Amino acid sequence: MSPYAAGRRRVHRSVAAVVPLAVAAALLSARSADASAPAAQAQVVRTATLGDVPLGTFSNGLLPGSVADDRGVDLGGIGSDIYPAGRKGEFWTVTDRGPNGQIKVNGSKRRTFPVPGFDPAIVRIKVTGDSVHVLRAVPITTSSGRPVTGLPNQAGRDEAPYSYDARTALSYDPNGLDTEGIVRAADGSFWLVDEYGPSLVHVSARGEVLTRYVPRGLGLTGTDYPVVEALPEVLLHRKINRGFEGLAQLPGGDLVIALQSPLSLPDTDAGEASLTTRLLRFSPKRKAVTAEYAYRFDPVGVVDPGEDDTSELKISSVVAVGGDRLLVEERTDRAARLQVVRLDRKADILGGRWDDDTTSPSLEQLADPAGSGVPVLAKRLAVDLGKVAGVPGKIEGVARVDHDTLALINDNDFGMTDGTGVFDAQGRLVDSGIETKVVHVRLPRGI
């Protein structure tokens, strides 16, 4: 029996939306409508849900003995990204670092890892009807075949890890990865991005980390895989838990990496208030960053009406849509908008004054970067997902299915929430009830 079929059998299902003929006709006529409201006729045309698989069953099926106690947590978190797998209804996804949360102790928040043995994995899924099935999973391992784990890397730079109840300190792991975006290369290997470094990670088809590219000056030692300092040093100022999250593969093979949030440059307050983050272009052939771009968020109240905290803005997904064009997802945990941008060569800021962390004011501090001479990428709204009925919150993965259709996947955080009440008296998870869903959205005018 497949390890994914064992254990708890309960499966939550949601019924896919059906578009009546009258609505379909309206969608066809909408192609010539005014483009000023691109989200108005977008429709959810399919919703599928991942069934419950105990996390211990899943992890130990890949790496026997890696998880001694899953504390009642089910497989989740696979919604960190989604990438077409080449067959209809099939996608590659990737987990993040695993179940984690925050508990306040003596007035300070501690980062908890209830299942510290969890190993991030690449997961191939198939959407059939209203269900999401796991077809295959690839554990991410070191050169010697050990799990990389999802634990933080460096004391003083990353949050200190604690047990599920925040009472016992755990060890840092230099091999640990907080994996996010995923694409598959023509040779069958994978490229992932990570929030800790932040880093770009090349992984073999079998899951072995071949190379981890990190910012110059990071000084990460003790890893059981090659580490190359090939990224701009300014990225050392990434906000905690807001490193790289989006990853796209352009037709020619170059990669585009999105920094989830503005850098904390020159300090945390500047980063929290900023609307300017960065995209990087990386050449796998040259093994180097070849361009950098300034990307400007819309005001937080535009992305998520009712939200007034600018620091809630994030880029979670970038998708290549031909040539040098991308879909960029701007989101909060409740809403998201997809923008189309073109990577204009004239907008390249790599190696200039904005990569110098002594520049004052910094790029992140500029209230109007374009007005200050910064070539900010132009963008055009493709769809406001916050206005599309049936789209879950916290969409972290976007994939292009065809000219008119997108596949979206949410991050359900393994059913975890923050606070002391997330586990019962026996140390078992009190599940949030949020499920992992794959949603197909049809755009009447395409992309």
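Position 1 is the first residue of the sequence, and the numbers go up from there. This one's a predicted model, so the numbers in the text were calculated from it and none came from an experiment.
- The side-chain heavy atoms of Glu396 and Glu245, taken from C-beta on, include a pair separated by under 4.5 Å.
- Proximity of a side-chain donor or acceptor of Thr277 to a complementary backbone N or O of Leu259 within less than 3.5 Å is detected.
- Between the side chains of Ser163 and Asp165, at least one donor N or O sits under 3.5 Å from an acceptor N or O.
- Remark: Lys314 engages Asp333 in a salt bridge, criterion side-chain N to carboxylate O under 4.0 Å.
- Results of the side chain to side chain contact (heavy atoms under 4.5 Å, CB included) test with Pro198 over Arg238, Arg242, Glu180 single out Arg238 as the only residue that passes.
- Partner of Pro215 under the side chain to side chain contact (heavy atoms under 4.5 Å, CB included) criterion, chosen from Leu236, Leu220, Val234: Leu236.
- Looking at every heavy atom in both residues, Thr141 comes nearest to Val148 through C-CG1, 3.7 Å.
- Between the side chains of Thr276 and Arg296, at least one donor N or O lies within less than 3.5 Å of an accepting N or O.
- Of all the heavy atoms in Ala291 and Asp348, the pair that sits closest is CA-OD1, 3.4 Å.
- Here the side chains of Val127 and Phe91 are in contact, with some heavy-atom distance below 4.5 Å.
- Counting heavy atoms from C-beta outward, Ile409 and Ile78 have side chains that approach closer than 4.5 Å.
- A donor and an acceptor atom, one from each side chain of Tyr196 and Arg157, are nowhere located under 3.5 Å apart.
- The distance from atom CG of Leu265 to atom OG of Ser360, rounded to the nearest 0.5 Å, is 9.5 Å.
- Asp411 contributes no side-chain N or O that, together with a main-chain N or O of Ser80, makes up a donor-acceptor pair within less than 3.5 Å.
- Formation of a donor-acceptor pair under 3.5 Å by the Ser204 side chain with backbone atoms of Arg206 is found in this model.
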*Stepwise side chain to side chain contact (heavy atoms under 4.5 Å, CB included) test for Leu343 and Leu250*: CA-CA 11 Å; Leu343 302 178; Leu250 298 174; 4.3 Å; yes

*Starting from the C-alpha separation in whole Å, work towards a yes-or-no answer on side chain to side chain contact (heavy atoms under 4.5 Å, CB included) for Phe58 and Val123.*
CA-CA 11 Å; Phe58 173 82; Val123 183; 4.0 Å; yes

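- Listed for the Thr332 side chain is a donor-acceptor partner under 3.5 Å among the backbone atoms of Ala335.
- Side-chain polar atoms of Ser261 and Lys239 form no donor-acceptor pair below 3.5 angstrom.
- The side-chain heavy atoms of Met416 and Ser432, taken from C-beta on, include no pair separated by under 4.5 Å.
- A side-chain donor-acceptor contact under 3.5 Å links Asp81 to the backbone of Ile182.
- By the neighbour-count criterion of 12 heavy atoms within 6.0 Å, atom CZ of Arg216 is densely surrounded, having more than that number from other residues, nucleotides or ligands.
- Comment: Asp119 does not engage Arg97 in a salt bridge, judged by the lack of any side-chain N to carboxylate O separation of less than 4.0 angstrom.
- Side-chain atoms of Thr359 come within 3.5 Å of backbone N or O of Asp356 as a donor-acceptor pair.
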*Which is it for Asp418 and Lys109 under the salt bridge (charged side-chain N to carboxylate O under 4.0 Å, His left out) test, yes or no, and what are the steps along the way?*
CA-CA 10 Å; Asp418 290 336; Lys109 291 181 179 179; over 6 Å; no

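- Asp304 places no side-chain N or O within 3.5 Å of a backbone atom of Glu307 that could act as its donor or acceptor partner.
- Closest of all the heavy-atom pairs between Val439 and Pro392 is CG2-CD, 3.6 Å.
- Here CG of Asp178 is found 6.0 Å from CG of Asp194. Values are rounded to the nearest 0.5 Å.
- Of the possible polar contacts, one joining the Glu330 side chain to the Asp298 backbone as a donor-acceptor pair under 3.5 Å is found.
- Atom-to-atom distance recorded for Tyr83:OH and Ser317:OG is 11.5 Å, nearest 0.5 angstrom.
- Aromatic ring centres of Phe113 and Tyr164 lie farther apart than the 6.0 Å criterion allows.
- A side chain to side chain contact (heavy atoms under 4.5 Å, CB included) with His440 is found for one member of Val401, Leu406, Leu408 and no other, namely Val401.
- The closest side-chain heavy-atom distance from Leu280 to Val256 is not below 4.5 Å.
- Counting heavy atoms from C-beta on, the side chains of Pro299 and Val302 come closer than 4.5 Å.
- Contact check for Leu429 versus Arg71: no side-chain heavy atoms found under the 4.5 Å cut-off.
- Between Leu255 and Pro284 there is a side-chain heavy-atom pair separated by less than 4.5 Å.
- Looking only at atom types and distance, the side chain of Tyr213 has no donor-acceptor partner in the side chain of Glu229 under 3.5 Å away.
- Of the N and O atoms on the side chains of Asn175 and Thr223, not one donor lies less than 3.5 Å from an acceptor on the other residue.
- Under a 4.0 Å N-O distance rule, the pair Arg337/Glu329 does not qualify as a salt bridge.
- A donor-acceptor pair under 3.5 Å is formed between the side chain of Asn412 and the backbone N or O of Ile434.
- Using a 30° and 60° split on the angle between ring planes, Trp191 and His202 fall in the parallel class, below 30°.
- Smallest separation of non-hydrogen atoms from Leu62 and Ala137: CD2-O, 3.5 Å.
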*Evaluate the salt bridge (charged side-chain N to carboxylate O under 4.0 Å, His left out) criterion for residues Asp69 and Arg428: first the C-alpha distance (whole Å), next the side-chain angles of each, then the deciding distance (0.1 Å), finally the verdict.*
CA-CA 10 Å; Asp69 184 358; Arg428 315 310 290 171; 2.9 Å; yes

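- Across every non-hydrogen atom of Tyr225 and Pro174, the tightest pair is OH-O, 3.6 Å.
- Side-chain N/O atoms of Glu195 and Asn241 include no donor and acceptor closer than 3.5 Å.
- Side chain of Ser59 to backbone of Phe118: no donor-acceptor contact under 3.5 angstrom is found.
- Side chain to side chain, Asp173 and Thr149 meet the donor-acceptor criterion of an N or O pair below 3.5 Å.
- Using modelled atom types and a 3.5 Å distance limit, the side chains of Tyr295 and Arg278 yield no donor-acceptor pair.
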*Can you list the steps and then say if Arg281 with Thr290 is a side-chain hydrogen bond (donor to acceptor under 3.5 Å, both in side chains)?*
CA-CA 6 Å; Arg281 185 167 183 155; Thr290 58; 4.6 Å; no

_CA sep, side-chain torsions, deciding dist, call: Asp130, Thr49, side chain to side chain contact (heavy atoms under 4.5 Å, CB included)_ = CA-CA 6 Å; Asp130 60 2; Thr49 305; over 6 Å; no

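- Contact detail for Arg212 and Gly197: the closest heavy-atom pair is NH2-N, 3.8 Å.
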